[in-house]
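Taking it in order: structure first as C-alpha cells, then the write-up.
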Amino acid sequence: MPELPEVEVVRAGLASSVAGRTIGAVHVLHPRPVRYHLSGPDAFASDLVGRRVGVARRRGKYLWLVLAGPAGDRSALLLHLGMSGQLLVQPADAPDERHLHARFDFADDGPQLRFVDQRIFGGLWVSPQGAETPAELAHIAPDLFDPTLDNDQLVARIRARHSGIKRVLLDQGIVSGIGNIYADEALFQAGIHPQRPGDALTLADCSRLHSAIRQTLATAIREGGSTLGRSGIANYRRPNGVTGHYQQRHQVYGRTGKPCLVCGGPIHRVQVAQRSTHFCPHCQPDSRVIPSD
DNA sequence: CATTTATCCTGTAAGC
DNA sequence: TGCTTACAGGATAAAT
C-alpha cells in the first residue's frame, strides 16, 4: 500500500537510520528489482559501494537517497516500492526475509538496509544526476506537499480532463502520490463521486478536494500510513518494522456494504480504472454539485 | 491527440 | 480436501 503517506513515513525512517552511513557492500539477490539500472546488477552494486548516504528525499511515491561521494558527483539511489515493496532496517544477524531481493551492508557493520518485495513491481536504481530531482521523475507531477506545486495549474489540468475524477487523481502526471486508498478516502471527504468527470468539477469542488486530499494525506502520515490485512508478507511496515494505524480511520476503503459513518447508508463498490472503488452514493452524489459550505 | 486496457509478479481468500 | 477464480497498495507500453 505504498502511497504518498507510506512512502513519506519510510523516507523519514531511512533519514533517521541510514543517513550519514557509508555503504560497505551491496548484495542483489534477484535481478528484477534493479531492472531499471540498465548497466546491470553488478554495476548497480559497484556504483554504490563506498558511497555515504546523505539526505532522503521524496516526490509522490518515489524516494531517493542522495549519495555523498567524489566531489561533483550528484548521483542518488532512487527507489520505488511498487505494490508490495518494503525497505527494512535489520540487524546483520537477522534471517533473510522471504522475498528479500537486495541487501545493503554498511561500513560500520550496523543494521542493514533490506529491500523485500513479494510482487517485484518495485525498483531500485542509481540516478546519475539525481541529487536534486532525478531525471527519471521528469514526467511525475509535484505532490500536494511540494512547494513548487502550482495550484491554479493543477485545477486547470483536472478540469481539462473528461475522465472520472478518481482516474484523474490516480494519474501521477497530474498530481503525484495519490493511490487507490487515498483517492477513495479523499473523494469521500470532499463529497465528490469518483466517476464525476474532471471537467464537471466546479472551482469550489476543486478547492474542497484539494483540502480533503491534503488533510487525508497529512493525517495518514501522522498515523504512520495504512497497513492492511493480516498475512504479513506483503504488508506495509516502517523500516523499523512497526505497522501503520491509518487503516482504522478509513471511511470507505474496504468497507463495501458497511454503513456510511456519516449517513448510515451502505458503502458501494465499483470498478474504476480496473481498481476497486469505494464510495457512499448518498454523500457523494453522481451529478449534483454540492454547495461549498 | 486523449483515454483505456493489458501486463508485469506472487500470494491469499473465496467459491465450487 | 483439492481445484479454479478473483483480487491485492502501482506504473506503463500498447491498443483504441
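Small disclaimer: the values here were computed from a predicted structure and weren't measured. Chain letters run A, B, ... following the sequence lines, proteins first, then strands; residues in each count from 1.
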Nearest-nucleotide pick for A:Phe121, side chain only, options being B:dC9, C:dG9, B:dG11: B:dC9
Would one find a side-chain N or O of A:His80 under 4.0 angstrom from OP1 or OP2 of C:dA11? yes
Side-chain N or O of A:Ser276 closer than 4.0 Å to phosphate OP1/OP2 of C:dA8: yes
Mind checking whether A:Phe115 and A:His101 have parallel, tilted or perpendicular rings, split at 30° and 60°? tilted
State, without any angle test, whether A:Glu136 and A:Ser127 hold a side-chain donor-acceptor pair at a distance under 3.5 Å. yes
Measure from the side-chain heavy atoms of A:Tyr62 and tell me the nearest of C:dT12, C:dG9, B:dC8. C:dT12
Rounded off to whole Å, could you give me the CZ-to-P distance for the A:Arg157 and B:dA2 pair? 10 Å
Spacing between A:Gln118 atom CD and B:dT10 atom P, to the nearest angstrom: 9 Å
Counting side-chain heavy atoms from CB outward, which of B:dT5, B:dG11, C:dG10 is closest to A:Arg167? B:dT5
Closest-nucleotide 5' rank along DNA chain B - winner of A:Gln274 and A:His162: A:His162
Across all chains, not counting sequence neighbours, the salt bridge (Lys or Arg N to Asp or Glu O under 4.0 Å) partners of A:Arg57 are A:Glu132
Nucleotide paired to C:dG9 in any strand shown, Watson-Crick or G-U, under 3.5 Å: none
Taking only N and O in the side chain of A:Arg119, is any of them less than 4.0 Å away from OP1 or OP2 of C:dC7? no
What orientation do A:His80 and A:Tyr62 show, parallel under 30°, tilted 30 to 60°, or perpendicular over 60°? perpendicular
So, is A:Ser84 close to the B:dC9 phosphate, meaning a side-chain N or O under 4.0 Å from OP1 or OP2? no
Check every atom of B:dT3, B:dT4, B:dG11 against the side chain of A:Arg161 and return the nucleotide holding the closest atom. B:dT3
